[in-house]
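Following: one structure in structure tokens, then a few remarks.
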Amino acid sequence: MYSEKVMDHFSNPRNVGEIENPDGVGEVGNASCGDIMKIFLKVDNNVITDVKFKTFGCGAAIATSSMVTEMAIGKTIEEALQLSNQAVAEALDGLPAQKMHCSNLAADALHEAIKNYRATHP
Ligand code: FES
């Protein structure tokens, strides 16, 4: 049911944790499953230099959080805003249809963190 990449990121999630004094924080939840994801950003010169996450959620939510952190590091704010849930799911070699909402959570949390960064760094 799950790709090897999903299983890898689920069993070995990258960039788990918190960033002290982050430049942006985003938190989203899914009302239907109750899962919550929080993303912390460090930004230097408009480039995302570090991302960490904390996810209270299902295996797919953990795998997509892990993948989104890897995809966002090194991107400019504008490039990271273009990262879609579809792109995250594709990078994991796909997700079962009933688990696509988990990848929404990851992309949304990243976008919320960027919004927070922009609001606090005008
Ligand atoms: Fe809720 Fe996956 S079931 S994020």
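Both counts, for ligands and for their atoms, begin at 1 and track the order of listing. Because the structure is predicted, anything quoted here is derived from the model rather than measured.
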Subset of ligand 1 atoms that lie under 4.0 Å from at least one heavy atom of Ala61: 4 (S)

Angle in degrees, rounded to 10°, that SG of Cys102 and SG of Cys58 form at atom 2 (Fe) of ligand 1: 100°

Glu4 CD: over 12 foreign heavy atoms closer than 6.0 Å: no

Close approach of His101 to ligand 1, heavy atoms, under 4.0 angstrom: yes

Residues Asp35 and Asn30: side-chain donor-acceptor under 3.5 angstrom: no

Shortest protein contact, atom 1 (Fe) of ligand 1 (heavy atom only): Cys33 SG, 2.1 Å

Distance from atom 4 (S) of ligand 1 to nearest protein heavy atom, with residue and atom: Asp35 OD2, 3.1 Å

Donor-acceptor pair between Thr69 and Asn15 side chains, under 3.5 angstrom: yes

Close side-chain approach of Ile39 and Glu112, heavy atoms under 4.5 Å: no

Residues, nucleotides or ligands: over 12 heavy atoms within 6.0 Å of Tyr117 OH: yes

Element-labelled atoms of ligand 1 that are located less than 4.0 Å from some non-hydrogen atom of Leu105: 4 (S)

